[in-house]
Amino acid sequence: LTEANLEALMLALSRSPDAETIATAAGTWYSNPAIISPMFNGVVRASCAPEQAGELIDQALAYFTQRGRPLAFWWVGPSARPADLGARLLARGFAPFEVDAPSMACDLHALPERAETPAGYALEIVRDAESAQAWADTFNAIYATPQFAGQAWADAIAHFGYGAAPFQMYLGRLDGRPVATNILFCGAGVASVFGVGTLPEARGQGIGAAITLQPYLDARAQGYHTGVLFATEAGLPVYRRLGFAEVGSISRYLWRAG
């Protein structure tokens, strides 16, 4: 389910202006010329016979090179073939960005109705350029990522139009200061979250659980029954306490031009 939802997200993102998706029996390539983040340029659900793997990787590298994309993710989930695809990507110059991240799922109707949060905590949905920029800056501060990483999502929601994007961005504030981020995406029949994080100085107060929980409750109100995600090491205990269980793993490998 996590893998199917991930592919649905990439297909949804490719509906923005100038983006494209090429789906073949061997895999799906997606690309966005306006956004350099590897979340918006990559390969998902690749599967082929072992003797065809080299050609498949060649095709992907040619695709991104010809289009001038500097960064791309290759996602490897349970349906990926051959079984040693990750090792083959490493041998071709990809870097291990996140390997065997736990894939988790839960029944949205079994979630708690609320999470305890400190006084002064408030959650908002990003609906304008100002809050989108605050989200991007907070995300980058949480993950110590380059400026473009968080900015990519702020740019994407602006491209789609606030309120019209296929995803929802959530921003948590403590006493008015942005401290936490999350993204909700509903696709392939399930709800998922991405970019979940809390600034170090605001952790240990229930904010991480709260900003994880509310988007899933919103998805449940829209009629969704199952929640999925892939977890970072830091987020794993939070998700387990909310009722998520591990159902597999997802890996991603980073390609850099040159």
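When all heavy atoms of Ile157 and Ala132 are compared, the pair lying nearest together is CG2-CB, 4.2 Å. When all heavy atoms of Ala191 and Tyr216 are compared, the closest pair comes out as O-CE2, 3.5 Å. Closest heavy-atom contact between Phe160 and Arg15: CE2-C, 4.0 Å. Residues Leu111 and Cys106 approach most closely at CD2-SG, 3.9 Å, considering heavy atoms. Residues Leu171 and Ala134 approach most closely at CD2-CB, 3.9 Å, considering heavy atoms. In this structure, Asp100 and Ser249 approach most closely via the heavy-atom pair OD1-OG, 3.7 Å.
For Asp84, the salt bridge (charged side-chain N to carboxylate O under 4.0 Å, His left out) partners are Arg88, not counting sequence neighbours. With sequence neighbours left out, the side-chain contact (heavy atoms from CB on, under 4.5 Å) criterion links Arg81 to Ser47. For Pro237, the side-chain contact (heavy atoms from CB on, under 4.5 Å) criterion is met by Arg241, not counting sequence neighbours. Considering only residues two or more places apart in sequence or on other chains, Cys48 meets the side-chain contact (heavy atoms from CB on, under 4.5 Å) condition with Gln52, Ala53, Leu56, Pro82. Looking at residues two or more places apart in sequence or on another chain, you find a salt bridge (charged side-chain N to carboxylate O under 4.0 Å, His left out) between Glu201 and Arg177. The salt bridge (charged side-chain N to carboxylate O under 4.0 Å, His left out) check on Glu113 picks up Arg220, with sequence neighbours excluded. With sequence neighbours excluded, no residue forms a side-chain hydrogen bond (donor to acceptor under 3.5 Å, both in side chains) with Asp107. Among residues two or more places apart in sequence or in another chain, the side-chain contact (heavy atoms from CB on, under 4.5 Å) test is passed with Leu61 by Ile57, Arg92, Phe94, Trp255.
Put simply, Leu11 and Phe64 are part of two different groups of oily side chains (I, L, V, M, F, W, Y) that touch within less than 4.5 Å, one to the next. Taking hydrophobic clusters as Ile, Leu, Val, Met, Phe, Trp and Tyr residues chained together by side-chain heavy-atom distances below 4.5 Å, Phe97 does not share a cluster with Leu89. Cluster membership for Leu6 and Phe40, using ILVMFWY side-chain heavy atoms within less than 4.5 angstrom, is shared. If you chain together hydrophobic residues whose side chains sit under 4.5 Å apart, Val44 and Trp74 never meet in one group. Follow the hydrophobic side-chain contacts under 4.5 Å out from Val99 and you reach Leu85 in the same cluster.
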Exercise for the section: Begin with the C-alpha distance, continue with both residues' side-chain angles, and end with the deciding distance and a verdict on side chain to side chain contact (heavy atoms under 4.5 Å, CB included) for Glu98 and Thr232. Expected result: CA-CA 9 Å; Glu98 193 172 31; Thr232 62; 3.9 Å; yes

Problem - Chi angles and distances behind the side chain to side chain donor-acceptor pair (under 3.5 Å) call for Gln222, Asp218 - result: CA-CA 7 Å; Gln222 296 171 30; Asp218 291 348; over 6 Å; no

Exercise for the section: Assess whether side chain to side chain donor-acceptor pair (under 3.5 Å) is satisfied between Glu116 and Gln205, documenting all intermediate values. Expected result: CA-CA 8 Å; Glu116 295 296 327; Gln205 304 179 70; over 6 Å; no

Practice task
For side chain to side chain contact (heavy atoms under 4.5 Å, CB included), just list the numbers for Phe148 and Leu71, CA-CA rounded to whole Å, side-chain angles, deciding distance to a tenth of an Å, and then say yes or no.
Solution key: CA-CA 11 Å; Phe148 70 75; Leu71 298 167; 3.3 Å; yes

Exercise for the section: Could you go through the side chain to side chain contact (heavy atoms under 4.5 Å, CB included) check for Asp137 and Gln133 one step at a time? Expected result: CA-CA 6 Å; Asp137 294 341; Gln133 192 60 56; 3.1 Å; yes

Problem - Pair Val43-Tyr63, side chain to side chain contact (heavy atoms under 4.5 Å, CB included): steps then yes or no - result: CA-CA 10 Å; Val43 180; Tyr63 174 85; over 6 Å; no

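The line from CZ of Phe167 to CG of Leu184 is 11.0 Å long, rounded to the nearest 0.5 Å. Taking CG of Leu13 as the reference point, atom OG of Ser31 lies at 12.0 Å (rounded to 0.5 Å). Distance check: Ile250 CD1 to Glu3 CD gives 5.0 Å after rounding to the nearest 0.5 Å. Distance CE/Met10 to CZ/Arg45: 12.5 Å, rounded to 0.5 Å. Between atom OH of residue Tyr162 and atom CD1 of residue Ile125 there is a gap of 15.0 Å, rounded to the nearest 0.5 Å. One finds the CZ atom of Phe185 at 12.5 Å from the CD atom of Gln168 (value rounded to the nearest 0.5 Å).
For the pair Arg252 and Phe73, the cation-pi test (distance below 6.0 Å, angle within 45°) is passed.
Within a 6.0 Å radius of CD in Glu246, more than 12 heavy atoms belonging to other residues, nucleotides or ligands are found. Counting non-hydrogen atoms of other residues, nucleotides and ligands closer than 6.0 Å to CD of Glu51 gives a total above 12. No more than 12 heavy-atom neighbours from other residues, nucleotides or ligands sit within 6.0 angstrom of CZ on Arg256.
Each of Tyr253, Tyr30, Trp29, Phe230 was scored for a ring-ring contact (aromatic ring centres under 6.0 Å, His included) with Trp75, with one residue passing: Phe230.
For residues 117-127, the pairs satisfying side-chain hydrogen bond (donor to acceptor under 3.5 Å, both in side chains) are Glu124-Arg173, with sequence neighbours left out. Pairs passing the side-chain hydrogen bond (donor to acceptor under 3.5 Å, both in side chains) check and including a residue from residues 189-198, sequence neighbours excluded, read Asn5-Ser192.
Of the possible polar contacts, one joining the Asn140 side chain to the Gln147 backbone as a donor-acceptor pair under 3.5 Å is found. The main-chain N or O of Tyr170 is never found under 3.5 Å from a side-chain atom of Asn182 such that the two would form a donor-acceptor pair.
Taking the side chain as every heavy atom from C-beta outward, Met104 and Leu236 approach each other to under 4.5 Å.
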Distance-only donor-acceptor hits, side chain of residues 32-39, under 3.5 Å, sequence neighbours excluded:
from  : atom 1 : to    : atom 2 : distance (Å)
Asn32 : OD1    : Ala34 : N      : 3.0
Asn32 : ND2    : Ser16 : OG     : 2.9
Ser37 : OG     : Met39 : N      : 3.1

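Below 30°, between 30° and 60°, or above 60°: for Phe139 and Tyr143 the angle between ring planes is between 30° and 60°, a tilted geometry.
The hydrophobic cluster containing Val228, built from Ile/Leu/Val/Met/Phe/Trp/Tyr side-chain heavy atoms closer than 4.5 Å, also comprises Leu1, Val190.
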